[in-house]
Amino acid sequence: MRILVQKFGGTSLSSDKARNHCVEHIARELKNGFRIVVVVSAMGRKGDPYATDTLLQLIRDNGDRLPPRERDMLLGCGEIIAASALCSLLCSRGIAAIVLNGGQAGIRTDEQFGHARIKELHPDRMLSHLRDGEVVIVTGFQGSTEDGDMTTLGRGGSDTSATAIGAALRADCVDIYTDVNGILTADPRLVKDAKPLLVVGYAEICNMARQGAKVIHPRAVEIAQQARIPIRVRSTFSDDEGTLVTDRPEQAKGYVSDRHVTGIAHVSGITQISVQAIEGRSDVQLQVFQTMARNHISVDFINVTPSGAVYTVFDHDADRAVRLLQDIGYLPTAINGCAKVSVIGGGMNGVPGVMARIVEALTEQGITIMQSADSNTTIWVLVKEPDMAPALQALHAKFGLHL
Ligand code: ADP
Ligand code: ASP
Ligand code: MG
């Protein structure tokens, strides 16, 4: 059996018209001889009736006191509605299909409701329906604990469901259908001339996803990489093949070998915190980072000097972080409304002048770099949020990514 996994995201399922596009992709691949597992997200985006954010709003309105287990039962409804709506359309077209929720599809997770990890995937039931010639529609983002409780895999987790299923079924490929033409050199909502990447390796895309390119979830890429299953990220609304993510990009058509920078990504909603050591006390770093860790505040962009520490947290953790530091005697300063912009490229390792070009691009636009850091494949800069889009555009142009 040649198996293909097709995952459709929220906007791809948001209307009857959009769902008809999904059906066209399913019908085409059935004709090409594949057995198909379809993984669906909840329909639409924030504000749409059955989107995940809309379901969350139901409980936010009364203080969000729903326990995590029950919260996952609520969140799981979005994918169940989407799967049923798509199944009804397939059946009306004479295509045999069945819906399985995460547990029924054999996805066993741990008990971390809201951000569960997949422990095992038993594909027998999916395989039996595939052998019977049915399209198997699986509700993405969901799993089930040993006790049969529904769990969710964290926001954007349908991508993870898709590659985990692809790995368990040894699928030929996992196709991630979305509202853009593949993985682009930057978010097209902010950089109008961003271009689709034709073929890239797992590591680079995983890195872009971790730095904020939300077109695919980083965990999904890791799972595909371990199983060596290719991913194609492509648009539901066209027949373009989009971006191929594979372990041997250099062997695929369209590979660009001398690229230093592959893409630019961003994350907004960040606060920069600076803490000075107190005279006579030499344990500022230990105190600060132990306090953050004990209180489950995720820290990033860490610069430590003998006289103190500068680091970032998400805006939503900032007030709590500052209070905790004050409670242990420090006088931190916090600048909120910042954004992290990342320049990513496996080919920048050992290439002189990349940082110089970043500084040049931002200085030309009058943008202040508040902090920076680098690894051999990424350079990060922290800027104020209003500077984020101009910074992305300037860096994109400086590295010729629009060409
Ligand atoms: P889906 O509902 O299909 O999972 P998402 O909203 O999760 O869709 O992801 C698609 C969105 O990701 C695009 O609309 C785009 O704005 C955004 N995005 C961010 N960075 C990139 C990038 N580098 N390439 C493509 N899209 C990106
Ligand atoms: N519906 C879930 C979310 O919005 C999962 C997904 O779309 O991947 O996060
Ligand atoms: Mg998504």
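Read the numbers this way: they start at 1 and go in the same order the structure lists the ligands and their atoms. What you see below is based on every heavy atom in this structure, not just the backbone, and it leaves out hydrogens, waters and symmetry mates.
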Would [X] and [Y] pass as an ion pair if we require N to O under 4.0 Å?
X	Y	result
Glu24	Arg93	yes
Arg155	Asp53	yes
Arg234	Asp240	no
Arg320	Asp317	yes
Asp179	Arg45	yes
Arg357	Glu360	no

Looking only at distance, does [X] have an N or O less than 3.5 Å from an N or O of ligand 1?
X	result
Arg189	yes
Ile183	no
Asp187	yes
Arg45	yes

Suppose we measure from [atom] to each protein heavy atom; which comes out shortest, and what is that distance?
atom	result
atom 7 (O) of ligand 1	Lys214 O, 3.5 Å
atom 2 (O) of ligand 1	Gly10 N, 3.0 Å
atom 13 (C) of ligand 1	Asp179 OD1, 3.5 Å
atom 4 (O) of ligand 1	Lys7 NZ, 3.2 Å
atom 3 (O) of ligand 1	Thr178 OG1, 2.7 Å
atom 6 (C) of ligand 2	Ser158 OG, 3.4 Å

To which of Lys46, Arg155, Arg45 does the heavy atom nearest atom 4 (O) of ligand 2 belong?
Arg155

Kindly identify the option in Leu13, Asp159, Val215 whose heavy atom sits closest to atom 12 (O) of ligand 1.
Val215

Considering non-hydrogen atoms only, spot the tightest contact between [X] and [Y] and give its length.
X	Y	value
Glu222	Cys206	CG-SG, 3.8 Å
Val322	Ala334	CG2-CB, 3.9 Å
Ile223	Ala167	CG2-CB, 4.3 Å

Going by the order shown, which atoms of ligand 1 are within less than 4.0 Å of some heavy atom of Met208?
23 (N)

Within the 4.0 Å heavy-atom shell around Gly156, which atoms of ligand 2 are there?
3 (C), 5 (C), 6 (C), 8 (O), 9 (O)

Pull out every atom of ligand 2 sitting under 4.0 Å from any heavy atom of Ser41, numbered as shown with elements.
6 (C), 7 (O), 8 (O)

Is the Tyr177 ring parallel, tilted or perpendicular to the Phe8 ring (thresholds 30°, 60°)?
parallel

Phe301 vs Trp380 aromatic rings, parallel, tilted or perpendicular, using cut-offs 30° and 60°?
perpendicular

Ser161 side chain to Phe141 main-chain N or O, any donor-acceptor pair under 3.5 Å?
yes

Given 3.5 Å as the limit, does a donor-acceptor pair link the side chain of Thr152 with the main chain of Asp72, or not?
no

Tell me whether Pro196 reaches ligand 1 (any heavy atom closer than 4.0 angstrom to a ligand atom).
no

Could you establish whether Gly78 and ligand 2 come within less than 4.0 Å of each other, counting only heavy atoms on the residue side?
no

Which bit of [X] gets closer than 4.0 Å to ligand 1, counting heavy atoms only: side chain, backbone, both or neither?
X	value
Leu184	both
Ala186	backbone
Lys195	neither

Does Lys7 reach ligand 2 with a nitrogen or oxygen that is under 3.5 Å from one of the ligand's nitrogen or oxygen atoms?
no

Would you kindly specify which portion of His217 sits under 4.0 Å from ligand 2, judged on non-hydrogen atoms: side chain, backbone, both or neither?
neither

